[in-house]
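This report refers to the structure that appears directly beneath it.
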Amino acid sequence: MKRYRVAIVGATGFVGQEFIRVLEQRNFPMESISLLASDRSAGKKILVAKQEIEVKETVPESFQVIDIALFSAGAETSHHFSPIAAQSGAVVIDNSSAFRMVPSVPLVVPEVNPQDIKRHKGIIANPNCSTIQMVVVLYPLHKVNPIKRIIVDTYQAVSGTGAAAAEELTAQAKQVVDGQNTVPHVYPHQIAFNLLPEIDVFLDNGYTKEEWKMVEETKKIMHADNIAISATCVRVPVFIGHSEAVHIEFSQPMSSEEARRILAQAPGVKVLDDPVISLYPQPWAAAGTDEVFVGRIRQDASHPRGLAMWIVADNLRKGAALNAVQIAEETIKREWLHRGG
Ligand SMILES: NC(=O)c1ccc[n+]([C@@H]2O[C@H](COP(=O)([O-])OP(=O)(O)OC[C@H]3O[C@@H](n4cnc5c(N)ncnc54)[C@H](OP(=O)(O)O)[C@@H]3O)[C@@H](O)[C@H]2O)c1
């Protein structure tokens, strides 16, 4: 079996650490692994497959003998180093927002549009975490009964912001319980015991950039420019696991039974839906798992062609590292490591 030389840029971060776990758990065919971060972490040692590997500073020469470079070090680092890595011959799978909406860069969720990988020119983008879990559930329904409109409200975990945000929630939770004042650093306000309807920056149209990513990325991944989408993205004091309340308007009526039947067969989806025993997806239970969970599937009482549902997934796994590794697996399985047209 052919083996590949893999680099992780951002290896010390939340997503980077998850990359290491996912590669190990899935027995990804690696010849070597190169752990890269900023100069702050250079020299640090990380265990990979029981071997201590030293973290190196990311420099242009880091990519000279790399087949697959998994990036999760923010958009600025990706903007700078991804083209260098691609020019050095690596295929970049980028977790940041840097290239997602560049028309020539495929934006891929393997359960939805694996064929788009073929046309890559060295960079493949991994979508935003909230978008990934939503399209994994909506695409199988859309194939049967085209979706006309989506209204989604998200409940996003602090790990989506990175390691510093998770530390802030831990510290603030303790301070609140101890009756002390909190001082926010990562978020504009206290996140412990609170909700913040602000993820990423505000745009001129009143939406946040995170909300607008869901609008644009969903259309690109599903090849469905005509779907009308509105999103409200909310940061919640949960460590891992993004949740979404989704309202869908279809072209034709669809019963909740039919949706459940379709989703029971859908790749990457697990239906957890039995109100009698309070069975529905929860972020606490989804953390550390690979599936996208869906439940509370019901007729939307406000629309004759509408369904409502609740979608949950681990934002660090399917929302980031797992999806990117699945893209890498698909790329090598289909022998698409070479540059497409
Ligand atoms: N968390 C999620 O759910 C999620 C989901 C999808 C996408 N993403 C994206 O993944 C990226 C990282 O997220 P995270 O949650 O892992 O953040 P994080 O925990 O804050 O980690 C950031 C990582 O980036 C590295 N880094 C920072 N500046 C760098 C530079 N100039 N050169 C090389 N490496 C640098 C850091 O290395 P040092 O240790 O040296 O500082 C660290 O390894 C972001 O682009 C984020 O948008 C995150």
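FYI, side chains are in, hydrogens and waters are out, and symmetry mates aren't considered; it's all heavy atoms of this structure. First listed ligand is number 1; within each ligand, the first listed atom is number 1. Here the structure is a predicted model, which is why all the values come from computation and not from measurement.
- When only non-hydrogen protein atoms are considered, atom 7 (C) of ligand 1 lies nearest to N95 O, 3.4 Å.
- Close approach of ligand 1 to A320 (heavy-atom distance below 4.0 Å) involves ligand atoms 5 (C), 6 (C).
- Atoms of ligand 1 lying under 4.0 Å from at least one heavy atom of L316, given by number and element, are 1 (N), 2 (C), 3 (O).
- Under the 4.0 Å criterion applied to side-chain N and carboxylate O atoms, E217 and R100 are assigned as salt-bridge partners.
- Scanning the protein for heavy atoms near atom 2 (C) of ligand 1, the closest one is G160 CA, 3.6 Å.
- For the residue pair T208 and E210, no side-chain donor N or O sits within less than 3.5 Å of a side-chain acceptor on the partner.
- Cation-pi contact between K209 and Y207: absent, since separation from the ring centre below 6.0 Å together with deviation from the ring axis within 45° is not met.
- Judged by the shortest distance from any of its heavy atoms, A164 lies outside the 4.0 Å radius around the atoms of ligand 1.
- In terms of modelled atom types and a separation under 3.5 Å, the side chain of T170 and the main chain of A166 share a donor-acceptor contact.
- The nearest protein atom to atom 22 (C) of ligand 1, hydrogens excluded, is given as G13 CA, 4.2 Å; this is a heavy-atom distance.
- Annotation for ligand 1: atoms under 4.0 Å from non-hydrogen atoms of G74 are 11 (C), 44 (C), 45 (O).
- Applying the 4.0 Å criterion to heavy atoms of S96 picks out, from ligand 1, the atoms 45 (O).
- The pair E54-K44 does not count as a salt bridge, with every side-chain nitrogen at least 4.0 angstrom from each carboxylate oxygen.
- Grouped with L195 in one hydrophobic cluster are Y155, V234, V236, V238, W310, V312, the linkage being side-chain heavy-atom contacts under 4.5 Å among Ile, Leu, Val, Met, Phe, Trp and Tyr residues.
- When hydrogens are left out, the protein atom nearest atom 26 (N) of ligand 1 is A73 CB, 3.7 Å; that is the closest non-hydrogen contact.
- Considering backbone and side-chain atoms alike, F81 places every N or O at 3.5 Å or more from each N or O of ligand 1.
- Looking at S130, A75, S72 and measuring to atom 10 (O) of ligand 1, the nearest heavy atom belongs to S72.
- Between T77, N128, V186, it is T77 that holds the heavy atom closest to atom 29 (C) of ligand 1.
- Ionic pairing of R261 and E258 is not present here: no N-O contact between side-chain nitrogen and carboxylate oxygen is shorter than 4.0 angstrom.
- The residues D225 and K219 are annotated as not salt-bridged, no charged nitrogen and carboxylate oxygen being separated by less than 4.0 angstrom.
- The residues E329 and R26 are annotated as salt-bridged, a charged nitrogen and a carboxylate oxygen being separated by less than 4.0 angstrom.
- By the definition of a contact as any protein heavy atom under 4.0 Å away, atom 24 (O) of ligand 1 is in contact.
- Of the N or O atoms in G319, none lie within a sub-3.5 Å distance of an N or O in ligand 1.
- Residue contacts with ligand 1: G16 is placed with no nitrogen or oxygen under 3.5 Å of a nitrogen or oxygen of the ligand (distance criterion only).
- Taking only non-hydrogen atoms, the option from R40, E76, K44, K318 nearest to atom 28 (N) of ligand 1 is R40.
- With hydrogens and angles disregarded, a donor-acceptor distance shorter than 3.5 Å links the side chain of R235 to the backbone of A157.
- Salt bridge status for E335 with K118: absent, with no side-chain N to carboxylate O gap under 4.0 Å.
- Ranking protein heavy atoms by distance to atom 19 (O) of ligand 1, first place goes to F14 N, 2.9 Å.
- Aromatic pair H142/F250: centroids not less than 6.0 angstrom apart.
- Backbone and side-chain nitrogen or oxygen atoms of C129 are examined, and none is located within less than 3.5 angstrom of a nitrogen or oxygen of ligand 1.
- Per-residue contacts place T12 under 4.0 angstrom from the following atoms of ligand 1 (heavy atoms of the residue considered): 36 (C), 37 (O), 38 (P), 39 (O), 42 (C), 43 (O).
- What sits closest to atom 4 (C) of ligand 1 on the protein, heavy atoms only, is V15 CG2, 3.6 Å.
- In this structure, the protein non-hydrogen atom closest to atom 3 (O) of ligand 1 is N315 ND2, 3.1 Å.
- Atom 48 (C) of ligand 1 is approached by the protein to below 4.0 angstrom, counting heavy atoms only.
- Ligand-side atoms of ligand 1 in range of S41: 38 (P), 39 (O), 40 (O), range being under 4.0 angstrom from any heavy atom.
- Backbone and side-chain nitrogen or oxygen atoms of S38 are examined, and one is located within less than 3.5 angstrom of a nitrogen or oxygen of ligand 1.
- Open room surrounds CZ on R296; 12 or fewer heavy atoms of other groups in view lie less than 6.0 Å from it.
- None of I311, V271, I297 except one satisfies the side chain to side chain contact (heavy atoms under 4.5 Å, CB included) rule with V137; the exception is I311.
- One side chain, Y187 or T161, offers a donor N or O that lies under 3.5 Å from an acceptor on the other.
- Taking distance alone, with nitrogen or oxygen atoms compared against 3.5 Å, H242 stays at or beyond that limit from ligand 1.
- Looking only at heavy atoms of the protein, atom 15 (O) of ligand 1 is closest to G162 CA, 3.2 Å.
- With ligand atoms numbered from 1 in the order given, ligand 1 contributes 23 (C), 24 (O), 25 (C), 43 (O) to contacts under 4.0 Å with heavy atoms of G10.
- Checked for salt-bridge contact, D67 and R3 miss the test: no charged N lies under 4.0 Å from a carboxylate O.
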